[in-house]
There are 2 protein chains.
Amino acid sequence: MSERTTRETILDAARPLFAERGFNGTTIRDIADAAGVSPALVMKLSGSKAELFQAAAPDSPGLDPDPSEELPGYRLVRAVVERRNSGDYEFWAMAPYLVQEAPEPEIARAKMTERVVPRIAAVIGEQTPEKTRARMVVTLLLGLASGLRTFEILTPQAIDSAKLIEAYGALVQKIIDDDGL
Amino acid sequence: MSERTTRETILDAARPLFAERGFNGTTIRDIADAAGVSPALVMKLSGSKAELFQAAAPDSPGLDPDPSEELPGYRLVRAVVERRNSGDYEFWAMAPYLVQEAPEPEIARAKMTERVVPRIAAVIGEQTPEKTRARMVVTLLLGLASGLRTFEILTPQAIDSAKLIEAYGALVQKIIDDDGL
DNA sequence: ATTATCTATAGATCTATAGATAATGC
DNA sequence: ATTATCTATAGATCTATAGATAATGC
């Protein structure tokens, strides 16, 4: 097993732990146990816990691999709902913890904005320097992920997926189409 | 100084620390220093760190003391924006951490939903058992607070307060008025 | 020979408690 | 006398490192 592979094993073990328990709630030993190696090796290969966090924490949302005919507002919402249904990792739900729990929250916040806002601006085709609509869309996606994942108030019992995509997608699309912003 | 008062001093010191740094990121000593007492006294008066967290963490949003003529969607949004402008404590921004960082996240999540959803249902006048619209409104407020506070992507430079209240208030009001939900 | 990994442990926390002292009310 | 508060410290972590051993490639 080369270093590359072991390092990847450790990062893969670290990611969900950091996401679920945060920086302080996750120990090097937790990660080592999950990866099946000694804590010393985790330290050796990652340098420090803070560096490991930086390396492990995903810092941008998953790409949309298949730009369909659907309007981008609905498409973005559908992706979040489908990830809930399949239990996949949800960047938008983890982002608040990644900022708040980072060893240096201010830097984490700035980095996050830098990566995420232009990305969404590209998806919705916004070209203004302020990227106001992209910022609003990011806000809406953060809320949706909170409701679906962190708080689980938008359960399938409370609202079925199709209806949710229709209603919430309409909100996102309304922002995208808003000429006043 | 009676116990009541010292206990309150400690809780007031603990609240912002827990909110900013989370449960694991805040130590009894931090709280003791902020309150100007010894760590031993903090322990004595609070029982344990977990109990202190329970006692200190606000578990519901601030009430709306002045129900105006304004439509509830705009009113709810305006309150969040104004708290940003005045730098006041924002329940909706802290709620994710309170759930995630709680000693028992599952219980914290259930409690949160139990308190918050009926509250918002009352504000918007929803009486269905599922409270689907209240859940959607909570989701939108969580997003707004994330965008304003946690990520600071909705800065006054990016969008001025009046415009934000108008645009985001319209979304919340759209959900409140949505007959399909 | 070099790289990968482990054991053992130092040094620095952290929560919690025991027991002492200072302040308060009768 | 009782309540409020402190000092001192036990016991349990946690990160990080030093030095030893096992595995690998030449």
Side-chain angles (χ1 to χ4, degrees), chain A residues 1-57 97-108, chain B residues 1-57 59 94 97-108:
Chain A
M1 220 185 282
S2 73
E3 183 181 332
R4 174 85 182 67
T5 300
T6 303
R7 193 182 140 82
E8 268 307 320
T9 304
I10 290 168
L11 287 174
D12 289 346
R15 241 180 293 273
L17 291 173
F18 279 136
E20 281 160 28
R21 310 182 196 173
F23 182 76
N24 290 308
T26 303
T27 69
I28 294 289
R29 173 162 294 280
D30 290 340
I31 295 164
D33 288 350
V37 300
S38 70
L41 187 58
V42 173
M43 289 304 298
K44 183 83 137 204
L45 295 182
S46 60
S48 70
K49 192 185 175 186
E51 285 173 83
L52 176 56
F53 182 87
Q54 289 294 339
Y97 308 118
L98 297 179
V99 166
Q100 191 90 346
E101 290 275 303
E104 294 175 292
E106 282 301 325
I107 293 170
Chain B
M1 219 184 283
S2 72
E3 182 182 331
R4 173 86 181 68
T5 300
T6 303
R7 193 182 141 82
E8 268 307 322
T9 303
I10 290 168
L11 288 174
D12 289 347
R15 239 181 294 272
L17 291 173
F18 278 136
E20 282 160 27
R21 309 181 196 173
F23 181 76
N24 290 309
T26 303
T27 69
I28 294 289
R29 173 163 294 281
D30 290 340
I31 295 164
D33 289 349
V37 299
S38 70
L41 187 58
V42 173
M43 289 304 299
K44 183 83 138 203
L45 295 182
S46 59
S48 71
K49 192 185 175 186
E51 286 173 80
L52 176 58
F53 181 86
Q54 289 294 339
D59 55 1
M94 288 308 129
Y97 307 117
L98 297 179
V99 166
Q100 192 89 348
E101 290 275 304
E104 294 174 292
E106 282 302 326
I107 292 170

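Chain identifiers are assigned alphabetically (A, B, ...) following the order of the sequence lines, protein sequences preceding nucleic acid strands; residue numbering begins at 1 within each chain.
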Novice: Which whole-number value in Å describes the distance from B/Leu41 CG to D/dA4 C1'?
Specialist: 7 Å
Novice: A side-chain contact here means heavy atoms from C-beta on lying under 4.5 Å apart; do A/Tyr97 and B/Tyr97 qualify?
Specialist: yes
Novice: Among residues two or more places apart or on two chains, list those pairs meeting salt bridge (charged side-chain N to carboxylate O under 4.0 Å, His left out) that have a residue in residues 9-20 of chain A.
Specialist: A/Asp12-A/Arg15
Novice: Give me the ring orientation class for B/Phe53 and B/Phe18: parallel if the planes are under 30° apart, tilted from 30 to 60°, perpendicular past 60°.
Specialist: perpendicular
Novice: What is the distance from CD1 of A/Ile28 to C1' of D/dC14, rounded to the nearest Å?
Specialist: 9 Å
Novice: Find the distance B/Arg7:CZ to D/dA4:P and express it as a whole number of Å.
Specialist: 13 Å
Novice: If you compare all heavy atoms of A/Gln100 against all heavy atoms of A/Pro105, which two are closest, and at what distance to 0.1 Å?
Specialist: O-CG, 4.0 Å
Novice: Is any side-chain heavy atom of A/Pro39 closer than 4.5 Å to a side-chain heavy atom of A/Arg29?
Specialist: yes
Novice: What is the distance, rounded to the nearest whole Å, between atom CG of A/Asp30 and atom P of D/dT13?
Specialist: 12 Å
Novice: Contact between A/Leu11 and A/Glu8 at the side-chain level, heavy atoms closer than 4.5 Å - yes or no?
Specialist: yes
Novice: Which residues within residues 48-57 of chain B lie with some heavy atom under 4.0 Å of an atom in DNA chain C?
Specialist: B/Ser48, B/Lys49
Novice: Atom CG of A/Asp33 and atom P of D/dT13: how far apart are they, to the nearest Å?
Specialist: 13 Å
Novice: Where the side chain of A/Ser38 is defined as all heavy atoms beyond and including C-beta, which of D/dC6, C/dC6, C/dT5 is the nearest nucleotide?
Specialist: C/dC6
Novice: From the options C/dA16, D/dT5, C/dT5, select the nucleotide whose nearest atom is closest to the side chain of B/Met43.
Specialist: C/dA16
Novice: For B/Ser48 versus B/Met43, what's the shortest heavy-atom pair and its separation?
Specialist: CA-CE, 3.9 Å
Novice: May I ask you to test the B/Thr9-B/Val37 pair for a side-chain heavy-atom distance under 4.5 Å?
Specialist: no
Novice: In whole angstroms, how far is the C1' atom of D/dT7 from the NZ atom of B/Lys44?
Specialist: 13 Å
Novice: Choose from C/dT5, D/dT5, D/dT7 the nucleotide whose nearest atom is closest to any side-chain atom of B/Thr6.
Specialist: D/dT5
Novice: Both distances below 3.5 Å, Watson-Crick or wobble geometry, any strand: find the nucleotide opposite D/dT17.
Specialist: C/dA8
Novice: Determine the minimum heavy-atom distance between A/Asn24 and A/Lys49, stating which atoms define it.
Specialist: CA-NZ, 4.1 Å
Novice: What contact category does B/Thr27 fall into here, base, sugar-phosphate, or nothing, at under 4.0 angstrom with non-hydrogen atoms?
Specialist: sugar-phosphate
Novice: Each nucleotide N or O in nucleotides 9-12 of chain D that has a protein N or O under 3.5 Å away: list the pair and distance.
Specialist:
none

Novice: Need the pair for C/dA23. Rule: Watson-Crick or G-U wobble, both distances under 3.5 Å, any strand; none if unpaired.
Specialist: D/dT2
Novice: Using whole Å, what does the distance between atom P of nucleotide D/dA4 and atom CD of B/Glu8 come to?
Specialist: 15 Å
